[in-house]
Amino acid sequence: MPKTADLRLPDPSRWKALAFIALAQLMVVLDATIVNIALPHAQTDLGISDANKQWVITAYALAFGGLLLFGGRIADLWGRKRTFVVGLIGFALASALGGAAQNQAMLFGSRALQGVFGALLAPAALSLLAVMFTDAKERAKAFGIYGAIAGGGGAVGLILGGFLTQVLDWRWTFFVNIPFAAVAAAGAYFVIREPAGSRNRSSLDVPGVVLSALGLVSLVYGFTRAETAGWSDGLTIGMFVASGVLLLAFVATEARVKSPLLPLRVVLDRNRGGVYLSLGLAIIAMFGLFLFLTYYLQVVRGYSPIRTGFAFLPMIAGMITGSTQIGARLMTRVPPRKLMGPGFLAAAVGMLLLTQLEIDSSYVGLILPAQLLLGLGMGTAFMPAMSLATHGVEPRDSGVASAMVNTSQQVGGAIGTALLNTIAASAATAYAGSHAALGATDPELLKLQSMVHGFTGAIWWAVGILLVAAAIAVTFVNAGRPTAAPVSGGAGSGDADGAEDEFRMPVVAH
């Protein structure tokens, strides 16, 4: 057993390590949207049919969402630094394969490989932060940066994707990952020092791996298929039923096995459970909004891909400000729920403004303030949520606890895209049917009006979802403000009577 350093001595390289962890997280998050901008060009270049184009997105989502828990457990078992570096190298190689794709099968395969290595990389990155930053104030700053990237990376992907596609070629939306990964992997190898004694060397729960992977893949694919085939489609329903059965079997298995893939103590903790639920719901609303605003700006308003990307800058600025200037500064002074609840409410107000969208709505008068409110609210809420998700867990469980954060985001993204897009499509069809007279005189105007009507109808649902997220955050999350104190296990998990506990930060040996 390696000799551990004094608990009071933090890792002197922790801030350098944060830079490389943040760079890797940015790469993973922006990859979720950067390919969306390039998809029409890739489809034309490789001759991908309309029926198959969804697999550019679905192949990644299935592999990433289905293997996240496994990736988190591998990080705990194999070592977070090693898992992090391997994930980066694999992601870079898969990206190179995608950029060099000569046919649709090669492109789909590369996206699936990106998902596999992303499932190793993402939980390892978050769990490294959890075990490296133990001082309350430093942890707040570190998770503020991480939360801003997690929230704003998708919008960065829209900007970068638009620039690369319009100025260079769609293949560069894949190739751009290679320098990101190379710098992050080299930096991580030389800088990151994982705390000793924090691995979980228990035997791997193979039944849990199989059941969780199949259950999550079925769930993600069910929502993805619903977007194109409809909710009443036989295979869609079958996927949801299979997912329910598999995930119930997974829970039953985890309650019985000696070394579970996902120890139920991780998710049954009141605070972490509240974080996972509220964060997943917020992502549902956000992913739907990214889709609607992208189509509104490009199709309805005629923005170019680059201009569309820059139109999302206020949201990114809001997220960075909310995360690093509001959330990080207040996190050590107030309980997390007093940041998460108001943060989600502010985002809901921003979303509410967008229900007023019309064909000729002013960007400065409506979209800009809505984005600022959304960004500020989400950034303020994301930062304490990311930190609290790994609060109180034993170091050996930090990888799987981190994987649950990514799982809630990934599943939330799949649900949000499918659910809100389906609602928007139904509302648009109903509007077009009730305004058939306009269609006879100006079919293009009716098409645009129906599209915007569908967007606003779905955004109302997003407002409601954010309000539920705020209610869950305020009701479930009862940890007090963080203090730096050496604890083990689930400190601050909440008493039965709902009184706020002191939110103690676990101090891990370096």
Side-chain angles (χ1 to χ4, degrees), residues 29 140 143-144 146-155 270-290 292-293 314-331 333-355 369-389 391 404-406 408-413 415-416 419-420 458-479 481 494 498 500 503:
V29 174
F143 276 89
Y146 189 90
I149 291 172
R270 175 173 181 160
N271 289 288
R272 284 193 293 276
V275 166
Y276 297 147
L277 282 173
S278 61
L279 197 59
L281 288 170
I283 293 296
I284 288 176
M286 285 299 293
F287 264 64
L289 180 70
F290 278 143
F292 298 148
L293 270 185
M315 189 182 299
I316 299 174
M319 285 181 176
I320 293 173
T321 302
S323 198
T324 62
Q325 301 304 311
I326 300 177
R329 290 179 183 272
L330 294 180
M331 183 179 160
R333 302 177 185 180
V334 300
R337 68 173 184 167
K338 293 185 180 179
L339 291 173
M340 293 174 62
F344 288 138
L345 285 176
V349 173
M351 197 77 78
L352 186 64
L353 291 178
L354 291 175
T355 61
Q371 285 198 61
L372 287 173
L373 276 171
L374 275 162
L376 284 170
M378 286 297 192
T380 300
F382 276 7
M383 196 281 301
M386 292 288 184
S387 179
L388 192 57
H391 139 249
M404 277 301 300
V405 177
N406 290 283
S408 66
Q409 290 178 305
Q410 185 64 26
V411 173
I415 293 173
L419 177 63
L420 296 181
I459 290 172
W460 273 110
W461 281 80
V463 172
I465 291 169
L466 282 173
L467 291 176
V468 173
I472 289 174
V474 172
T475 303
F476 281 75
V477 177
N478 67 348
R481 66 183 182 86
E500 286 186 356
F503 176 4

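All values reported here derive from a predicted model rather than from experimental measurement.
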CA sep, side-chain torsions, deciding dist, call: Thr355, Leu352, side-chain contact (heavy atoms from CB on, under 4.5 Å)
CA-CA 5 Å; Thr355 61; Leu352 186 64; 4.2 Å; yes
Between Leu354 and Leu374, is a side-chain contact (heavy atoms from CB on, under 4.5 Å) present by the stated rule, with each step listed?
CA-CA 10 Å; Leu354 291 175; Leu374 275 162; 4.1 Å; yes
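Counting only heavy atoms from C-beta outward, the side chains of Leu330 and Thr380 never approach each other to under 4.5 Å. For the pair Met378 and Leu466, the minimum side-chain heavy-atom distance is below 4.5 Å. Put simply, the side chain of Met315 does not reach to within 4.5 Å of the side chain of Leu372, judged on heavy atoms. Looking only at side-chain heavy atoms (C-beta outward), Ile283 and Phe382 come within less than 4.5 Å of each other.
Distance CZ/Arg333 to CG/Leu339: 11.0 Å, rounded to 0.5 Å. Atoms CZ and CE, from Phe344 and Met351 in turn, are 11.5 Å apart once rounded to the nearest 0.5 Å. Residue Ile284 holds its CD1 atom at 11.5 Å from CH2 of Trp461, rounded to the nearest 0.5 Å. Distance CZ/Phe292 to CG/Leu420: 5.0 Å, rounded to 0.5 Å. Considering CG of Leu277 and CZ of Arg272, their distance stands at 13.5 Å, rounded to 0.5 Å. Rounding to the nearest 0.5 angstrom, the gap separating the CG atom in Leu293 from the CD atom in Gln371 is 6.0 Å.
No donor-acceptor distance shorter than 3.5 angstrom exists from the side chain of Asn478 to the backbone of Asn271, with no hydrogens or angles considered. Distance alone, capped at 3.5 Å, places no donor-acceptor pair between the Arg337 side chain and the Ala473 backbone.
Nearest approach of Gly274 to Phe476, heavy atoms of both residues: CA-CB, 3.8 Å. Taking every heavy atom of both residues into account, Ala348 and Leu467 meet most closely at CB-CD2, 4.0 Å. The minimum heavy-atom distance between Ala282 and Ala469, with the atom names listed, is N-CB, 4.4 Å.
When each of Leu279, Val275, Leu345, Val474 is tested with Met340 by the rule side-chain contact (heavy atoms from CB on, under 4.5 Å), just one qualifies, namely Val275.
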